[in-house]
A.B. asks: 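The following block contains the structure, expressed as structure tokens.
Both counts, for ligands and for their atoms, begin at 1 and track the order of listing. Below, all heavy atoms of this structure are taken into account, side chains as well, without hydrogens, waters or symmetry copies.
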Amino acid sequence: MSLNININQNYFNVKKNYLFSEIAKRVNAYSAAHPDAEIIRLGIGDVTLPLSPVVVNALKTASDEMGRAETFRGYAPEYGYDFLRKAISDYYKKFPVDLSPEEIFVSDGAKSDVGNIVDILGDNEILIPDPVYPVYLDSNIMSGHKVTFLTGSRENGFLPLPRGIEEKPYIVYLCSPNNPTGAVYSREGLREWVDFANKTGSLIIFDSAYEAFISGNYPHSIYEIEGAKSCAVEICSFSKTAGFTGTRCAWSVFPDRLTAGENKLSFLWSRRQATKFNGVPYIVQRAAEAALSPEGQKQCRESIAYYMENARIIGEVLKSKGIYYTGGENSPYLWLECPNGAESWEFFDYLLENVQIVGTPGAGFGAAGEGYFRLTSFGSRESTLKAAERLKGLL
Ligand code: MLT
């Protein structure tokens, strides 16, 4: 017998599969039909280098502590251990941004925070860049919110600004360096957004998950811009920076002065987290703390340099073929125009079938991504070099 309940109808308004699940499904089907094919996966941005030694040591030490009665820990504090909140607040000093540990909320992933923040927000108008990381759109559709797109294009460098937009309050999602395009907002660009938000009473949700890949003179945190603490939440992650995609640790910043009327957003978020989340494991938080130590930072920088060299290798092939692309300089993603006017999914099939390379179709990041394609530099050097050779032969 079937249930006689109401279900959330908004789920019928999102695509049937999440973008990266759809890709995995298609690649698995190809692989089943071609069991001998050597597939190179440059689709989902999943890291391939192992955790750095300083992080592994911290995991081991913390595991030993968990195995002794005197140092065993149960539930972690809902918002993160003080030692990690303090380490993250110290990390921001180099930008320089001054945040107190109490303004930092540790979680199990930027994706979780980006998806969960809708819980504390009412029914607002949402502005979402297009193309962009699909979680912003999907989570708002699931909540039945009205979404307006900010179109990114070759003309605006995939960095839409608040120009020609009606001046009223919105929830604005920004991602810089952008996933998927790799485009990074300048100080001036972010200042326009912060000024717009403060003028209209809008909230910016700033996703800085790729900030550690910035090598140029760009802001790493939105709080580098004056006035951002009264209009922005920032969400960042250890996933790409310290190789934590499988280890899970991230944080969100809710500045003390971020209020809607009388209400502090930090209060709402802490209330949500206390009810629905039971904290990140102690051993993982110790590992994250180690990643932020001077030695941890050095080792993370080495991994990032390795990935950025991969990006350079792929970029060289695209350049040599005269293919327009962005990214790959301050971001691990390369965003290219599909050759010969191909559509994104068409190009996905073409690469998979002809050279067994998996990428991500631009259309999966929004309608404005149609005709584009994303390749990640998170593969191993060996597979990146192999992919470069195959692309050289094909394109
Ligand atoms: C991506 O490929 O866009 C990312 O891996 C997705 C994520 O971080 O959730």
A.B. asks: Does any N or O of ligand 1 fall below 3.5 Å from an N or O anywhere on Lys240, backbone included?
C.D. replies: yes

A.B. asks: Only one of Arg271, Arg272, Gln273 passes side-chain hydrogen bond (donor to acceptor under 3.5 Å, both in side chains) with Thr275; say which it is.
C.D. replies: Arg271

A.B. asks: Would you confirm whether the ring centroid of Tyr81 sits within less than 6.0 angstrom of the ring centroid of Tyr282?
C.D. replies: yes

A.B. asks: Which bit of Ile44 is near ligand 1, meaning a heavy atom under 4.0 Å away: side chain, backbone, both or neither?
C.D. replies: both

A.B. asks: Please report whether ligand 1 has a polar contact with Phe365, defined as an N or O pair separated by less than 3.5 Å (distance criterion only).
C.D. replies: no

A.B. asks: May I ask you to check whether Tyr133 has an N/O atom sitting below 3.5 Å from an N/O atom of ligand 1?
C.D. replies: yes

A.B. asks: Would a line drawn from the ring center of Tyr173 to the ring center of Phe149 be shorter than 6.0 Å?
C.D. replies: no

A.B. asks: Given side chains that start at C-beta, do those of Tyr92 and His220 come closer than 4.5 Å, heavy atoms only?
C.D. replies: no

A.B. asks: Compute the shortest N/O to N/O distance between Asn179 and ligand 1 and return yes if it is under 3.5 Å, no if not.
C.D. replies: yes

A.B. asks: For residues 43-80, pull every pair meeting ring pair (Phe, Tyr, Trp, His ring centres under 6.0 Å), keeping only residues two or more places apart or in separate chains.
C.D. replies: Tyr79-Phe105

A.B. asks: Would you mind running through ligand 1 and noting each atom that sits below 4.0 Å from a heavy atom of Gly45?
C.D. replies: 1 (C), 2 (O), 5 (O)

